[in-house]
Number of protein chains: 2
Amino acid sequence: MDEALRARWLEHAHRTLSSSGRRAGAARTAIIQVLARDGQCLLTAQELLDRLGPRGSYSSVYRSLDELCSLGLLHRMSGRDGVARYEIADPDRHHHHLIDETSGTAHPFNDDELERVIAAVAVRLGVTLTGHDVVIRGRPS
Amino acid sequence: MDEALRARWLEHAHRTLSSSGRRAGAARTAIIQVLARDGQCLLTAQELLDRLGPRGSYSSVYRSLDELCSLGLLHRMSGRDGVARYEIADPDRHHHHLIDETSGTAHPFNDDELERVIAAVAVRLGVTLTGHDVVIRGRPS
DNA sequence: TTATATGCAAAAGCTTTGCATGGGT
DNA sequence: ACCCATGCAAAGCTTTTGCATATAA
């Protein structure tokens, strides 16, 4: 959807990686390209590997995903099935997930009041917020 | 903590299981006892098995956990590490989780306004709510 | 008696890792 | 030249399953 967002993340990822002393190999370069294109919402390692074709392997995929998570460029979450899913971390455009229980599909959404309440809850609980996830499950009404 | 709650859930579980045509074997009986005692918040299958000692096996544990989830007596969620965690489902006393990033420990909490906002979001998105989870991560401030 | 519950051990699926090789800087 | 990145294959972990046996109803 947002082309500018993708380009910005791709650029940011390249810079962060190289300034952290890592080298740009062919596999990792392809991986972050695919992530920039298809990683807006809940991509599995297997799906990523499928889209890479012969340009990647299990080791390069999992190692790169770990690396990107450590650097804060990616978010990892595991769905109910226990399979890890990844999506690109965009500080400006953060979203949550609605799971349609009829179809099993996930839809991203965001809500300002939800963000506000979560911030308030963190204050009430006496913590500095470092992250949060909300999953809503429902059926079309 | 709430002794009455535990007894109520245990009773409810027994009734639901037998009325669904299942038989009460030794393993399953021990499993729901342990769950009633220690399953208020995020117990893994392995932890459950450890507490069962020789009274259970992997198969009985995983099969019973599945069964209890299907009957709505238990909630399954998977943490960031991908390992499934279970807690008893209490319709009256539902909670969310605060993860202290300093220690990695989870603390249950609830918040009425959060519930209200989530209900409002579901309406806005055009779904009938069937469930929801909130995870807040932070450090003591 | 008869279907279900259980335990063992094997299998399955996702993820990680050791090691030799290739490639970036 | 040096060290990091990559790919393969093996190993590791969690979870599931087939099958023979034990047991509840």
Side-chain angles (χ1 to χ4, degrees), chain A residues 13-35 39 42-71 73-87 104, chain B residues 13-35 39 42-71 73-87 104:
Chain A
H14 274 123
R15 256 185 300 109
T16 307
L17 285 161
S18 69
S19 74
S20 86
R22 265 74 189 252
R23 294 178 187 176
R28 201 197 64 191
T29 303
I31 286 166
I32 67 177
Q33 270 167 13
V34 173
L35 285 172
L42 301 181
L43 196 67
T44 67
Q46 185 61 59
E47 287 163 349
L48 174 54
L49 187 52
D50 292 346
R51 288 168 205 204
L52 284 169
R55 294 178 299 159
S57 63
Y58 282 109
S59 22
S60 58
V61 165
Y62 281 108
R63 280 196 268 242
S64 293
L65 289 173
D66 273 4
E67 198 170 45
L68 293 165
C69 286
S70 302
L71 293 169
L73 292 163
L74 217 53
H75 285 141
R76 180 194 325 225
M77 44 238 309
S78 50
R80 354 204 65 204
D81 57 1
V83 180
R85 287 160 202 276
Y86 301 84
E87 55 187 39
Chain B
H14 275 122
R15 257 186 298 109
T16 307
L17 285 160
S18 70
S19 75
S20 85
R22 265 74 191 251
R23 293 177 189 178
R28 200 197 65 192
T29 302
I31 287 167
I32 67 177
Q33 269 167 14
V34 173
L35 285 171
L42 300 179
L43 195 67
T44 67
Q46 186 62 59
E47 287 163 350
L48 174 53
L49 187 52
D50 292 344
R51 287 166 207 207
L52 283 169
R55 293 178 300 159
S57 62
Y58 282 109
S59 24
S60 58
V61 165
Y62 281 107
R63 281 197 268 242
S64 293
L65 289 173
D66 273 5
E67 196 170 48
L68 292 165
C69 287
S70 304
L71 292 169
L73 291 163
L74 217 54
H75 286 141
R76 177 194 327 223
M77 44 240 308
S78 49
R80 357 202 63 204
D81 57 359
V83 180
R85 287 158 201 276
Y86 300 83
E87 55 187 38

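Protein chains get the first letters and strands the later ones, always in sequence-line order, with residue 1 at the start of each. Source: prediction; values computed, not measured. Hydrogens, waters and symmetry mates are skipped; everything else that's a heavy atom, side chains included, is used.
The interatomic distance linking B:Asp81 (CG) with C:dT16 (C1') rounds to 14 Å, in whole Å. To the nearest angstrom, C1' of D:dT14 lies 10 Å from OH of B:Tyr86. Between the CZ atom of A:Arg80 and the P atom of D:dT14 there is a distance of 21 Å, given to the nearest Å. One atom, CZ of B:Arg85, and another, C1' of D:dT14, lie 12 Å apart when rounded to the nearest Å. One atom, CD1 of B:Ile32, and another, P of C:dA5, lie 13 Å apart when rounded to the nearest Å. Following rounding to the nearest Å, A:Arg22 (CZ) and C:dG24 (P) show an atom-to-atom distance of 18 Å. Straight-line distance from the CE atom of A:Met77 to the P atom of C:dC14: 19 Å, rounded to whole Å. Going from atom CG of B:Leu65 over to atom C1' of C:dT6 covers 15 Å, rounded to whole Å.
Shortest non-hydrogen contact noted between B:Leu42 and B:Glu47 is O-OE1, 4.0 Å. Heavy-atom minimum distance, A:His75 versus A:Cys69: C-SG, 4.4 Å.
For B:Arg23, the side-chain atoms get nearest to D:dA24 when compared with the rest of D:dA5, D:dA24, D:dT17. Residue B:Tyr62 has its side chain nearest to D:dT16 when only D:dT16, C:dC14, D:dG7 are considered. Closest to the A:Ser57 side chain, of the nucleotides C:dT16, D:dT15, D:dG7, is D:dG7. Taking every side-chain heavy atom of B:Asp66 into account, D:dT16 is the closest of D:dC8, D:dT16, C:dT15. Side chain of A:Tyr58, nearest nucleotide from C:dT6, C:dA5, C:dT16: C:dT16.
No donor-acceptor distance shorter than 3.5 angstrom exists from the side chain of B:Arg28 to the backbone of B:Gly25, with no hydrogens or angles considered. Of the possible donor and acceptor atoms, none in the side chain of B:Ser60 sits under 3.5 Å from a partner among the backbone N and O of B:Ala27.
Residue-level contact check: B:Arg63 touches the bases, meaning some heavy atom is under 4.0 Å from a base atom. Contact annotation for B:Ser59: base contact, defined as any heavy-atom pair under 4.0 Å involving a base atom.
Comparing B:Ala84 and A:Arg55 against DNA chain D, the residue whose closest nucleotide sits nearer the 5' end is A:Arg55. When each of B:Ala26 and A:Ala24 is assigned the nucleotide of DNA chain D bearing its nearest heavy atom, the one mapping closer to the 5' terminus is A:Ala24.
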Please lay out, stage by stage, how B:Val61 and B:Gln46 fare under the test side chain to side chain contact (heavy atoms under 4.5 Å, CB included).
CA-CA 9 Å; B:Val61 165; B:Gln46 186 62 59; over 6 Å; no
